[in-house]
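All values derive from a computational prediction rather than experimental measurement. Atoms within a ligand are numbered from 1 in the order they appear, just like the ligands themselves.
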Amino acid sequence: MILSDADIRRRLTDGDLIVEPIADPELQIQPASIDLRLGREFLEFQRTNIPCIHPNSEQEVDEYVEETYVEEGEEFILHPGDFVLGTTKERIEVPPDLLGTVQGRSSLGRLAIVIHATAGIIDPGYRGQITLELSNLGTAPVALSPDMRISQVIFTELKTPAESPYGRERGSKYQDQTGPQASRIQVDDEFGGGQLDR
Ligand SMILES: Nc1ccn([C@H]2C[C@H](O)[C@@H](COP(=O)(O)OP(=O)(O)OP(=O)(O)O)O2)c(=O)n1
């Protein structure tokens, strides 16, 4: 069951679901979702001389990304074909019986802005800001302003609460992240790597 605005408000008041700061509940709480705003930090991907990035090399991943901060009153210009990581301004805490799904907003989709290139699941038990995988599939640069409503999250009630919510399961490498967080897939190696034994 997907939470309606009434369910969302009740959960937020009860305090088991946390989404904060919500600047304007009337505007941000939609009929069955919450709009999330764009933060000021971005991770851009640099041109690199490395022949390829090995996802399990923390050093190569760190050298590949560069942090940018958009000052008050400034915009972030997302050029055609660009891919950057952004962040929501809001921090979320998902209780064990809910699953969040991050979606783009139609109004930005109509400008060819994709909010999450691949991953959009916010696990039960997850705490932190959401890293947005932003790309521009269009032909014109698009100006993104911090604080603009950039994405929306819907919450689905699970039939039974997760037994091993995020943060308690092995891995959970993005728990309590603040700002955009580059891939930490190399942490998988500590837990047997991406290649699991059959
Ligand atoms: N666009 C997204 C999607 C997810 N998350 C956060 C919330 C998720 O609960 C957490 C982990 O997401 P995934 O399970 O999709 O990622 P991984 O499987 O790579 O990570 P892990 O092994 O930690 O589960 O990251 C995020 O910040 N931004």
Side-chain angles (χ1 to χ4, degrees), residues 2-3 8 11 16-22 33-45 53-58 60-62 64-65 67 76 78 82-106 108-109 113-137 144 146 148-158 161-197:
I2 292 176
L3 298 197
I8 290 171
R11 291 282 196 144
D16 61 340
L17 170 66
I18 294 175
V19 179
E20 58 188 22
I22 294 184
S33 63
I34 305 184
D35 282 351
L36 303 176
R37 293 167 299 149
L38 182 64
R40 296 190 174 279
E41 305 94 351
F42 294 86
L43 287 181
E44 294 185 87
F45 293 81
I53 307 291
H54 296 89
N56 60 357
S57 164
E58 190 173 354
E60 286 178 5
V61 172
D62 283 352
Y64 187 30
V65 294
E67 209 170 311
F76 185 89
L78 192 60
D82 267 4
F83 175 75
V84 302
L85 298 180
T87 180
T88 60
K89 190 158 185 172
E90 292 80 5
R91 186 181 166 280
I92 292 188
E93 282 189 29
V94 185
D97 66 330
L98 292 184
L99 173 81
T101 312
V102 181
Q103 315 261 354
R105 289 185 63 213
S106 167
L108 286 165
I113 299 299
V114 176
I115 303 303
H116 64 91
T118 59
I121 283 188
I122 314 301
D123 290 282
Y126 175 78
R127 298 188 308 252
Q129 289 172 314
I130 306 298
T131 293
L132 303 167
E133 303 162 5
L134 301 164
S135 51
N136 181 350
L137 300 182
L144 302 176
M148 72 189 289
R149 287 180 292 135
I150 188 103
S151 64
Q152 54 190 332
V153 58
I154 63 171
F155 292 101
T156 308
E157 213 164 69
L158 305 180
E163 281 180 355
S164 303
Y166 200 78
R168 266 188 266 156
E169 61 165 358
R170 293 195 309 165
S172 300
K173 44 196 173 285
Y174 303 108
Q175 188 72 311
D176 291 318
Q177 72 183 353
T178 53
Q181 176 74 60
S183 175
R184 303 197 64 226
I185 198 167
Q186 67 281 351
V187 173
D188 285 354
D189 287 345
E190 294 167 27
F191 301 100
Q195 297 86 19
L196 300 179
D197 292 339

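Closest non-hydrogen pair, Leu38 versus Ile150, comes out as N-CG2, 3.8 Å. Of all heavy-atom pairs spanning Leu99 and Pro124, the tightest one is CD1-CD, 3.9 Å.
Residue contacts with ligand 1, taken as heavy atom pairs separated by less than 4.0 Å, involve Gln177 solely via side-chain atoms from C-beta onward.
The option with the heavy atom closest to atom 5 (N) of ligand 1, from among Ile122, Val187, Asp123, is Ile122. If you check each of Leu99, Val153, Thr131 against atom 28 (N) of ligand 1, the one with the closest non-hydrogen atom is Thr131.
Within the listing of ligand 1, atoms 20 (O), 21 (P), 22 (O), 23 (O) sit less than 4.0 angstrom from a heavy atom of Lys173. Close contacts between ligand 1 and Ile121 involve ligand atoms 3 (C), 4 (C), 7 (C), 8 (C), 9 (O) [criterion: under 4.0 Å to a heavy atom]. Which parts of ligand 1 touch Ser172 is read off a 4.0 Å heavy-atom cut-off, strictly below it: atoms 23 (O). Within ligand 1, the atoms closer than 4.0 Å to a non-hydrogen atom of Ile130 are 26 (C), 27 (O), 28 (N), numbered from 1 in the order shown.
Every salt bridge (charged side-chain N to carboxylate O under 4.0 Å, His left out) that Asp16 has, sequence neighbours left out, goes to Arg11. For Glu90, the salt bridge (charged side-chain N to carboxylate O under 4.0 Å, His left out) test picks out Arg37, with sequence neighbours left out.
Counting heavy atoms of neighbouring residues, nucleotides and ligands inside a 6.0 Å radius, atom CD of Glu58 does not exceed 12 of them.
A donor atom on one side chain and an acceptor atom on the other are found under 3.5 Å apart for Gln177 and Tyr126.
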